[in-house]
Amino acid sequence: MDTPPLLNETHDPSLKSWVESANDPATDFPIQNLPLGAFVMEHDGHRHAHLAVAIGDQVLDITSLAEAGYFQNDPDEEVRAIGRLPAWNAAMSVPGFIEKMRRRLQSFLRADGSGGQSARRLRSKVLRPIAETPLIRPAMNFNYTDFYASIHHATNVGTMFRPDNALLPNYKWVPIGYHGRASSIIPSGVEIRRPSGQTKADDAAAPVFGPCKMLDYELEVGVLVGASNRMGEPVSMGRADHHIAGLCLVNDWSARDMQKWEYQPLGPFLAKNFATTVSPWIVTREALAPFRCAAYKRPDGDPQPLEYLRDENNEQWGGFDITLEVHLISKSMREQNLPPLRVSRGSFRDMYWTFAQMIVHHTSNGCNLQPGDLLASGTVSGTSPDSRGCLLERTWEGTGKPRKPIELPTGEKRTFLEDGDEVVMTDWCEGGAGGHRRIGFGECRGTIASANA
């Protein structure tokens, strides 16, 4: 295949919207993006979830658009029913539905659109500023799996804990992952309470219980499952991409001192399940088409994936060309109105395993994925220190060396997060084949609150 899958006229970089802010080259949300979201609407003393997409600095209220009759004559029954859905799960599960809805909404939003006078009358009624909209998770996540797909992250962390055996022998054969806690997935902006748990110093005879002292963020990308598979029926590499509804940003907060004590022999537990923050927008697989890229090229000497994880199309287009950044703001920086400090910048091209391979391996034993299930990539890290996606790596100078703190503009130093610190993650795609419009994911942010007394 010479062009990425799903690339078509909806990605035309010359398309403009009558929403002027969507035409700003710096916006995350041009008409070529239209990520899926949801928000809460208060009406007659009741709270109702409304489906939406982002366009420029505005939210397009799809539920209100449907209630106003915009889709009533649509030949597609599922499109006509969109206003009755409380979340995007059901819509994502229908093959081809997101692509249909994307075209309908582009037609409504295009500056040269032919929606007619009735559509023009609706414009002011179905738009609201993003900054004034109470966004919620766009899909219900009933299951959550966290992978370990960056070989650079795995090697760095392995070197810290196992200097003589950094990368375990299964890593290059198996997409490693563990089942996380779906109930503690929270939307961007929700406060993060510092967790408490057992920790044990290397020279201590016994562990102690108390607040985590090595609280960390993890810069990750998540994939939302669209179409499900039946229990006992694995997904093949040729079909895996069809099970991707879209991507979001993920911060899988981690208590490193708790993790170090508890992770053997069964792996992550309380150090990982207290909070996972997700960005409020799902950037659809369709919108990401111009930014598909080759899968990570394995170095000479590395084994090729086993047959069930191998596919020529995946090798050519299985990756996503996404740039990711982490910014840190301390309480003192906020009080002094100082801008956030960028502490990391990496690329999703560096991931050893693709999302398609993660889906295939996840279902290879017959495990059934469901619409809205969240699969996270694991920490996104590159080869340079400033591309490392967590503080555990970012402040690490090498085996046997003390940690080198990050210096903030206030003179403060950080090796791990302090109470009052705010972490802001952003990512975007730009360029691609044909100079396509830049599209972004919005922000994934959270502020650390002190532990419960």
Side-chain angles (χ1 to χ4, degrees), residues 28 130-131 135 153 156-157 160 184-197 199 210-221 249-260 271-272 274-280 323-346 379-382 384-397 401-428 440-453:
D28 277 346
I130 291 177
L135 300 173
H153 173 65
N156 287 339
V157 174
M160 293 178 206
S184 53
I185 296 174
I186 55 176
S188 176
V190 173
E191 191 175 66
I192 308 301
R193 180 73 61 182
R194 181 178 295 273
S196 292
T199 60
C212 161
K213 295 179 181 178
M214 299 171 65
L215 186 57
D216 203 355
Y217 60 78
E218 288 196 357
L219 173 64
E220 307 192 18
V221 177
L249 262 173
V250 176
N251 184 349
D252 194 36
W253 305 91
S254 297
R256 298 300 189 186
D257 44 356
M258 293 163 55
Q259 182 180 0
K260 183 180 178 182
K272 289 282 195 173
F274 59 95
T276 300
T277 302
V278 294
S279 55
T323 301
L324 306 100
E325 289 188 347
V326 181
H327 294 80
L328 182 61
I329 314 165
S330 70
K331 180 181 178 182
S332 181
M333 289 171 67
R334 282 196 302 277
E335 291 171 349
Q336 298 179 46
N337 292 318
L338 295 174
L341 175 69
R342 191 181 81 189
V343 293
S344 176
R345 183 172 186 173
T379 302
V380 180
S381 291
S384 64
D386 66 352
S387 67
R388 296 171 181 170
C390 64
L391 288 175
L392 180 70
E393 293 176 87
R394 188 69 179 83
T395 62
W396 178 65
E397 288 290 286
K401 297 181 181 179
R403 289 192 170 274
K404 183 179 180 181
I406 292 172
E407 296 190 10
L408 305 184
T410 53
E412 301 169 278
K413 295 182 179 181
R414 293 289 187 273
T415 52
F416 291 98
L417 297 171
E418 301 288 341
D419 292 350
D421 286 351
E422 183 176 21
V423 177
V424 183
M425 297 178 174
T426 59
D427 60 353
W428 67 90
F441 288 62
E443 292 182 341
C444 181
R445 64 168 66 218
T447 304
I448 308 303
S450 58
N452 287 316

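This structure is a prediction, so every number in the text was calculated from the model and none was measured.
- The minimum heavy-atom distance linking Leu341 with Leu408 is given by the pair CD2-CD2, 3.6 Å.
- Taking Glu335 as the reference, Lys331 meet the side chain to side chain contact (heavy atoms under 4.5 Å, CB included) condition, with sequence neighbours excluded.
- For Thr426, the side-chain hydrogen bond (donor to acceptor under 3.5 Å, both in side chains) test picks out no residue, with sequence neighbours left out.
- Using a 4.5 Å heavy-atom cutoff, the side chains of Leu392 and Val157 are in contact.
- Arg342 pairs by the side chain to side chain contact (heavy atoms under 4.5 Å, CB included) definition with Glu325, His327, Arg345, not counting sequence neighbours.
- For the residue pair Trp253 and Thr277, a side-chain donor N or O sits within less than 3.5 Å of a side-chain acceptor on the partner.
- Checking Lys404 against Thr395 by side-chain atom types alone, no donor-acceptor pair falls below 3.5 Å.
- Rounded to the nearest 0.5 angstrom, Leu324 CG and Leu219 CG are separated by 5.0 Å.
- When atom types are taken as modelled, the side chain of Asn251 and the backbone of Tyr217 share no donor-acceptor pair closer than 3.5 angstrom.
- In this view, Glu393 and His153, Asn156, Ser381 satisfy the side-chain hydrogen bond (donor to acceptor under 3.5 Å, both in side chains) rule, not counting sequence neighbours.
- With sequence neighbours left out, the salt bridge (charged side-chain N to carboxylate O under 4.0 Å, His left out) criterion links Asp386 to no other residue.
- Proximity of Asp427 to Val221: side-chain heavy atoms (C-beta onward) are separated by under 4.5 Å at one or more points.
- Residues Pro187 and Pro280 have side chains not in contact (no heavy-atom distance under 4.5 Å, counting atoms from C-beta outward).
- At distances below 3.5 Å, at least one donor-acceptor pair connects side-chain atoms of Ser279 with backbone N or O atoms of Leu249.
- In this structure, Leu328 and Leu417 have side chains that are in contact, with non-hydrogen atoms separated by less than 4.5 Å.
- Between atom CG of residue Leu135 and atom CD1 of residue Ile130 there is a gap of 7.0 Å, rounded to the nearest 0.5 Å.
- Side-chain contact between Val423 and Cys444 is absent, with no heavy-atom pair separated by less than 4.5 Å.
- The closest donor-acceptor contact from the side chain of Ser387 to the backbone of Gly382 lies under 3.5 Å.
- Of the possible donor and acceptor atoms, one in the side chain of Ser254 sits under 3.5 Å from a partner among the backbone N and O of Asp252.
- By the side-chain hydrogen bond (donor to acceptor under 3.5 Å, both in side chains) test, Arg334 is found to be paired with no residue, residues two or more places apart in sequence or in another chain being considered.
- Not counting sequence neighbours, the partners of Glu418 by the side chain to side chain contact (heavy atoms under 4.5 Å, CB included) test are Arg414, Asp421.
- For the pair Met425 and Val250, the tightest heavy-atom approach, listed with the atom from each and the gap, is SD-O, 3.8 Å.
- Residues Phe416 and Ile406 form no side-chain contact, since every pair of their non-hydrogen atoms from C-beta on lies 4.5 Å or further apart.
- Sorted by first and then second residue, the pairs that involve residues 441-450 and meet side-chain hydrogen bond (donor to acceptor under 3.5 Å, both in side chains), not counting sequence neighbours, are Glu422-Arg445, Glu443-Arg445.
- Residues Pro409 and Met333 approach most closely at CG-CE, 3.8 Å, considering heavy atoms.
- Taking Ser332 as the reference, Ser330, Gln336, Thr410, Glu412 meet the side chain to side chain contact (heavy atoms under 4.5 Å, CB included) condition, with sequence neighbours excluded.
- Taking CD of Glu218 as the reference point, atom OG1 of Thr276 lies at 9.0 Å (rounded to 0.5 Å).
- Shown here for Asp419 and Ala449, the closest heavy-atom pair between the two residues is OD1-O, 3.9 Å.
- Evaluation of the salt bridge (charged side-chain N to carboxylate O under 4.0 Å, His left out) rule for Asp216 yields Arg256 as partners, not counting sequence neighbours.
- Of the inter-residue distances, the one linking Arg194 atom CZ with Ile448 atom CD1 reads 6.5 Å to the nearest 0.5 angstrom.
- Partners of Arg193 by salt bridge (charged side-chain N to carboxylate O under 4.0 Å, His left out), not counting sequence neighbours: none found.
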**Message:** Please determine whether side-chain contact (heavy atoms from CB on, under 4.5 Å) holds for the pair Trp396 and Arg388, giving the CA-CA distance in whole Å, both sets of side-chain angles, and the decisive distance to 0.1 Å.
**Reply:** CA-CA 10 Å; Trp396 178 65; Arg388 296 171 181 170; 4.1 Å; yes
**Request:** Carefully, step by step, assess Ile192 and Phe274 under the rule side-chain contact (heavy atoms from CB on, under 4.5 Å).
**Result:** CA-CA 9 Å; Ile192 308 301; Phe274 59 95; 4.2 Å; yes
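- At distances below 3.5 Å, at least one donor-acceptor pair connects side-chain atoms of Arg394 with backbone N or O atoms of Val343.
- With sequence neighbours excluded, no residue satisfies salt bridge (charged side-chain N to carboxylate O under 4.0 Å, His left out) with Asp257.
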